[in-house]
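Take a look at the structure set out below.
Quick note: numbers below take in every heavy atom, side chains included, and nothing from hydrogens, waters or symmetry partners. A note on names: the letters A, B, ... follow the listed sequences, proteins ahead of strands, and every chain is numbered from 1. This structure is a prediction, so every number in the text was calculated from the model and none was measured.
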2 protein chains.
Amino acid sequence: MFSKACEYGIRATVQIALQSEKGLRIGLKEISNAIDSPEPFTAKILQQLAKNDIIISSKGPTGGYEMSSNQLSTIMLSDIVKTLDCDLIYTGCGLGLATCDAKNPCVLHFQFDDIREQLKKMLENTSIQQLARSRESGDTLLRL
Amino acid sequence: MFSKACEYGIRATVQIALQSEKGLRIGLKEISNAIDSPEPFTAKILQQLAKNDIIISSKGPTGGYEMSSNQLSTIMLSDIVKTLDCDLIYTGCGLGLATCDAKNPCVLHFQFDDIREQLKKMLENTSIQQLARSRESGDTLLRL
DNA sequence: TAAATAAAGGACAAAATTATCTTTTATTTT
DNA sequence: AAAATAAAAGATAATTTTGTCCTTTATTTA
């Protein structure tokens with residue numbers, strides 16, 4: 001459903017949020033290890049997230065990535081999806097038609113409408129912080 | 001969400017169903033024109049569908065593609081999805097983890113469960129025939 | 001039986017995605 | 001100011017997906 005970049009991006013952001021809640025920064029190596037992703041590719045993805053103000057990056061010997069408390073409390077899954085993929089996954093036509101709406105519906109339009117709406121709601125209402133907390137409590141995982 | 005191959009495959013199958021309900025076969029050229037897809041690629045996709053008994057193909061001057069009445073009444077969207085993509089879209093982990101289930105859930109597992117279940121239900125319960133009929137009635141489209 | 005037709009099959013190309021590697025830039029520490 | 005560190009940026013490579021082209025096979029028709 002999501003691109004590999006987006007999957008890694010979500011997982012990395014949750015890992016960064018985990019550390020940020022403890023007041024710590026976390027570097028690339030540790031992130032990619034924690035989420036089991038290729039380092040250089042993950043670096044690219046994190047650059048995009050930083051550029052779009054989803055995370056904060058710092059260079060230098062005490063550098064790394066973190067999230068501000070404002071970011072922690074406001075960033076939703078949809079923010080990451082929009083940055084790394086695009087929102088077509090929950091706004092676009094299930095059959096790839098460029099123009100598909102209630103006025104000109106594709107054959108799958110009505111079947112997909114509900115699912116798309118639910119996906120949209122989930123993405124827009126699931127915060128990185130709550131995902132970090134479920135990870136923190138040990139209830140969920142970021143890697144195998 | 002679906003691959004281009006799967007999108008074309010669904011649209012093509014609906015178009016074939018439309019013709020089959022009128023007792024007609026339809027050739028590749030007409031199909032790809034009706035759904036606005038690249039002919040040679042569509043041919044490849046139709047080959048796969050025929051190989052998996054979703055449609056029937058015939059060579060020769062009166063050849064083309066069709067669906068039997070049994071196929072018309074039994075083929076579901078999920079059959080096409082399973083053939084052309086795989087069912088990971090509604091059985092797999094939202095974050096791409098190879099092992100993610102209720103025992104070892106990823107951070108997104110519980111958010112996705114409902115959506116995945118709905119998607120599964122929709123795909124397994126939407127028949128090609130009903131999609132063809134909504135197209136026939138002019139309520140929906142297969143192309144722009 | 002030959003010709004025509006349309007699908008099947010295989011090879012190849014282009015584009016996109018995933019991933020790797022190298023260099024540059026910014027920051028801290030000594 | 002130099003050295004070390006870590007991110008940013010850019011280039012390149014590998015893989016996958018999408019798409020194109022050519023040949024072969026199977027069937028019908030005259």
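Side chain of B/Arg143 to backbone of B/Ser32: no donor-acceptor contact under 3.5 angstrom is found. Judged by distance alone, with hydrogens and angles left aside, the side-chain atoms of A/Asn52 form no donor-acceptor pair with the main-chain N or O of A/Ile54 at under 3.5 Å. The backbone N or O of A/Glu66 lies less than 3.5 Å from no partner atom in the side chain of A/Arg25, so there is not a single donor-acceptor pair. B/Arg11 places no side-chain N or O within 3.5 Å of a backbone atom of B/Ala34 that could act as its donor or acceptor partner. Listed for the A/Thr126 side chain is no donor-acceptor partner under 3.5 Å among the backbone atoms of A/Leu123. Remark: the backbone N or O of B/Phe2 is not paired with any side-chain donor or acceptor of B/Asp85 at under 3.5 angstrom.
Per the geometry, NZ belonging to A/Lys44 stands 7 Å off C1' belonging to D/dA9, to the nearest Å. Between the CD1 atom of B/Ile35 and the P atom of D/dG19 there is a distance of 11 Å, given to the nearest Å. Between the C1' atom of D/dT5 and the CD atom of A/Glu30 lies a distance of 15 Å, rounded to the nearest Å. In this structure, CG of A/Leu46 is placed 15 Å from C1' of C/dA19, rounded to the nearest angstrom. The separation between B/Glu66 atom CD and C/dA6 atom C1' is 14 Å, rounded to whole Å. Rounded to whole angstrom, the span from the CD atom of B/Gln47 across to the C1' atom of D/dT23 amounts to 13 Å. Atom OH of A/Tyr65 is separated from atom P of D/dT5 by 17 Å (rounded to the nearest Å). We find that CD1 of B/Ile56 is positioned 16 Å from C1' of D/dA26, with the value rounded to whole Å.
In this model, no donor atom of one side chain and acceptor atom of the other lie less than 3.5 Å apart for B/Gln15 and B/Glu30. B/Asp139 and B/Ser137 share a donor-acceptor pair across their side chains, judged by distance under 3.5 Å alone.
Residue A/Pro40 is classed as a base contact, given a heavy-atom separation below 4.0 Å to a base.
Near DNA chain D, defined here as any heavy-atom distance below 4.0 Å, the residues from residues 17-29 of chain A are A/Gly27, A/Leu28, listed numerically.
Taking for each of A/Glu39 and A/Lys59 the nucleotide of DNA chain C with the nearest heavy atom, the 5'-most of the two is the partner of A/Glu39. Along DNA chain C, the nucleotide nearest to A/Pro61 and the one nearest to A/Thr42 differ in position, and the one closer to the 5' end is contacted by A/Thr42.
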Using the 3.5 Å cut-off, write out each protein N or O paired with an N or O of nucleotides 13-18 of chain C and the distance between them.
{"residue": "C/dT18", "atom": "OP1", "partner": "A/Lys4", "partner atom": "N", "Å": "2.9"}

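No single ILVMFWY cluster, assembled from side-chain heavy atoms under 4.5 Å apart, contains both A/Met76 and A/Leu49.
At a cut-off of 3.5 angstrom, counting only N and O atoms as typed in the model, there is no donor on one side facing an acceptor on the other between the side-chain of B/Lys51 and the base of C/dG9.
Residue B/Ser57 places at least one side-chain N or O under 4.0 Å from the OP1 or OP2 atom of C/dA8.
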